[in-house]
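See below for the structure under consideration.
Positions are given from 1 along the sequence.
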Amino acid sequence: MKTALNYFDGVWNNSGIITPVNILNNQNSIPLNASLIGSSVAQHQQAEGLQSLMDLRNNHGADVVVVFTSGMTDASGIAPTQYWINSSIPTTFVPNGSGVDLRAKEDGYIALVDINCDLDVTAHELGHLFGAGHVTGSGGGHPYLFDDSHADALYANIPQLNIFINYRTVVSDSDAECANQVFPCQLQQNFSGRPDHDNKKAVQTTALSVANYRQTPVILASPTNLWGYLVGSCSPPPYDHHRIFWSEGGSNVAINHYEIFYSQPPTGSYIYGWTRSFESTDAYVAGLDASVKVRACTTTLCSNLSAGSYLATWGCD
């Protein structure tokens, strides 16, 4: 799987696509803890409905997702993108006010690949998500984003000039679209850019739009830099009065409030104490020393407790 994603990265770079690609989590695959069965269409529909997949996408901020599966009964992979590849309606690029086409943000971001298939299948299916078409059209009028959004497959055998060429580019269909099945067909690791077979133009047109599918991951960071001081001993008796401060930990969402937890004695379990809407609190300690930690909360979510703690001592007799 890592090699297949790196192969796609090579296709992207070899084709000179301006918008950079960033492969997330390319060291280890993430289990979906779900079984997909049946045809390519059936498995893709099952994947679309997986909450675990949606959560992983959101947590990692991924624009597109590759789901590696097995046992596909009719294909090596599938990557529907109805707005830029469609056999029943004319396709077109529909920019919003910012110049990007985000219609496929929620239903055109999954490439499904059978793990037992060839290395180039992942790049092939990802190419479809960017509007890259096969060598031949998929039927209907204007099925691809552009009339020349085709992969390339070229065969030439001119013995007099000692010329022999037989190749295909990555989004062509190796079974049906390689130009000549009699002689070996070399796979080019790129999107085609030859006139009338300009998949590169399609991918370059859509790349910025796909880059804006991103589901920005929620970063809800624990507070940092806990510190404080003793305001007064036996103030009022039998309490020792402490004032504690902390810093917001770098969240990318609005913090609604902070929850203060304490452990008394300090070696015990932390329990909820009280809430503050700002980055400091007073704490009154009696009987035993207490350790204080803080967590940050939105209106619906809370971070982990802070890694650091403040020791609020007690010495009032």
Side-chain angles (χ1 to χ4, degrees), residues 1-27 29 62-68 76-79 81 84-85 93 100-101 104 108-115 117-138 144-156 163-181 183-214:
M1 289 177 281
K2 174 184 174 183
T3 305
L5 290 172
N6 287 338
Y7 184 94
F8 168 70
D9 192 37
V11 169
W12 196 267
N13 292 329
N14 293 342
S15 303
I17 307 300
I18 296 173
T19 304
V21 66
N22 180 26
I23 298 176
L24 303 171
N25 227 71
N26 65 338
Q27 297 301 316
S29 60
D63 300 307
V64 295
V65 175
V66 180
V67 177
F68 292 97
S76 299
I78 185 173
T81 176
W84 299 330
I85 299 177
F93 186 83
V100 291
D101 184 352
Y109 68 90
I110 299 173
L112 195 71
V113 176
D114 194 308
I115 198 169
C117 294
D118 293 340
L119 182 65
D120 61 293
V121 172
T122 298
H124 177 112
E125 300 302 340
L126 284 170
H128 286 328
L129 293 186
F130 289 88
H134 289 162
V135 174
T136 56
S138 54
Y144 293 152
L145 185 58
F146 304 114
D147 289 335
D148 61 356
S149 296
H150 294 282
D152 197 3
L154 182 64
Y155 171 73
I163 294 175
F164 176 78
I165 301 171
N166 193 25
Y167 73 83
R168 64 182 178 90
T169 52
V170 74
V171 190
S172 64
D173 185 319
S174 59
D175 292 329
E177 294 173 344
C178 198
N180 187 300
Q181 294 295 316
F183 299 101
C185 185
Q186 184 178 6
L187 174 63
Q188 304 291 319
Q189 192 178 352
N190 62 272
F191 297 119
S192 51
R194 192 162 63 95
D196 298 324
H197 297 83
D198 199 350
N199 263 341
K200 176 182 175 181
K201 180 174 72 175
V203 174
Q204 188 62 75
T205 298
T206 63
L208 186 60
S209 296
V210 175
N212 278 277
Y213 288 177
R214 183 176 295 109

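- Remark: side-chain polar atoms of E125 are not paired, donor with acceptor, to backbone N or O of L112 under 3.5 angstrom.
- A salt bridge links D148 with K201: the distance from a Lys NZ or Arg NE/NH1/NH2 to an Asp or Glu carboxylate oxygen falls below 4.0 Å.
- Annotation: salt bridge (charged side-chain N to carboxylate O under 4.0 Å, His left out) contacts of D198 (sequence neighbours excluded): none.
- Counting only distance, with no hydrogens or angles, the side chain of N212 and the backbone of L208 share a donor-acceptor pair below 3.5 Å.
- Within the 3.5 Å criterion, the main-chain N or O of D152 finds a donor-acceptor partner in the side chain of T169.
- The environment of I163 atom CD1 is dense: over 12 non-hydrogen atoms of other residues, nucleotides or ligands sit within 6.0 angstrom.
- Although no hydrogens or angles enter the test, the distance criterion places no donor-acceptor pair under 3.5 Å between the side chain of T206 and the main chain of G131.
- Looking at N199, its side chain never comes within 3.5 Å of a backbone N or O of V171 through a donor-acceptor pair.
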Using the rule given for ring pair (Phe, Tyr, Trp, His ring centres under 6.0 Å), can you reason through F130 versus W12, listing the C-alpha separation, both sets of side-chain angles and the distance that settles it, and then say yes or no?
CA-CA 11 Å; F130 289 88; W12 196 267; 4.9 Å; yes

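- Side chains of F191 and V11 form a contact here, defined as non-hydrogen atoms less than 4.5 Å apart.
- Judged by distance alone, the side chain of Y7 and the main-chain N or O of Q189 form no donor-acceptor pair under 3.5 Å.
- Ring geometry for F93 versus W84: interplanar angle under 30°, hence parallel rather than tilted (30 to 60°).
- The backbone N or O of A79 sits nowhere less than 3.5 Å from a side-chain atom of H128 that would complete a donor-acceptor pair.
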